[in-house]
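This report refers to the structure that appears directly beneath it.
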Amino acid sequence: MKEELIVKVIMYLPTSESALNELSDKVTKVHLDAVVNYISRLTCPKEQRTALMDAVINELREKQQ
């Protein structure tokens, strides 16, 4: 049986509006990179990967409105 490792992390979030916006932008970019990387590694045909990416983009646009 694998031993469980517990790691405690202390985070200090930015307090200014501009720093919070910058952090949000960076988190968004990391998530976007992860999604693009995941979709690009799928073994389905390119057309399906493109359709999936389009669906993700459309979903995000709808949520912004």
> Would Leu52 and Gln48 count as a side chain to side chain contact (heavy atoms under 4.5 Å, CB included) if you check the C-alpha gap in whole Å, the side-chain angles of each, and the deciding distance to 0.1 Å?
Replying inline: CA-CA 6 Å; Leu52 181 56; Gln48 284 182 316; over 6 Å; no
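Between Val35 and Ile39, the closest side-chain pair of non-hydrogen atoms falls below 4.5 Å. Side-chain contact between Leu13 and Met11 is present, with heavy atoms from C-beta onward closer than 4.5 Å. Residues Tyr38 and Val36 form no side-chain contact, since every pair of their non-hydrogen atoms from C-beta on lies 4.5 Å or further apart. Put simply, the side chain of Arg49 reaches to within 4.5 Å of the side chain of Cys44, judged on heavy atoms. Using a 4.5 Å cut-off on side-chain heavy atoms (C-beta onward), Thr15 and Leu20 make no contact. Considering only heavy atoms from C-beta on, Lys26 stays 4.5 Å or farther from Val30 through its side chain.
Under 4.0 Å is where a charged nitrogen must lie from a carboxylate oxygen, and between Lys29 and Asp25 no such pair does.
In the hydrophobic clustering of this structure, Val27 does not group with Tyr12; members are Ile, Leu, Val, Met, Phe, Trp, Tyr whose side-chain heavy atoms approach within less than 4.5 Å, directly or through other members.
Considering CD of Glu59 and CG of Asp54, their distance stands at 13.0 Å, rounded to 0.5 Å. Atoms NZ and OG, from Lys46 and Ser40 in turn, are 12.0 Å apart once rounded to the nearest 0.5 Å. Taking CG from Leu60 and NZ from Lys63, the interatomic distance works out to 7.0 Å, rounded to the nearest 0.5 Å.
The backbone N or O of Asp33 sits nowhere less than 3.5 Å from a side-chain atom of Asn37 that would complete a donor-acceptor pair.
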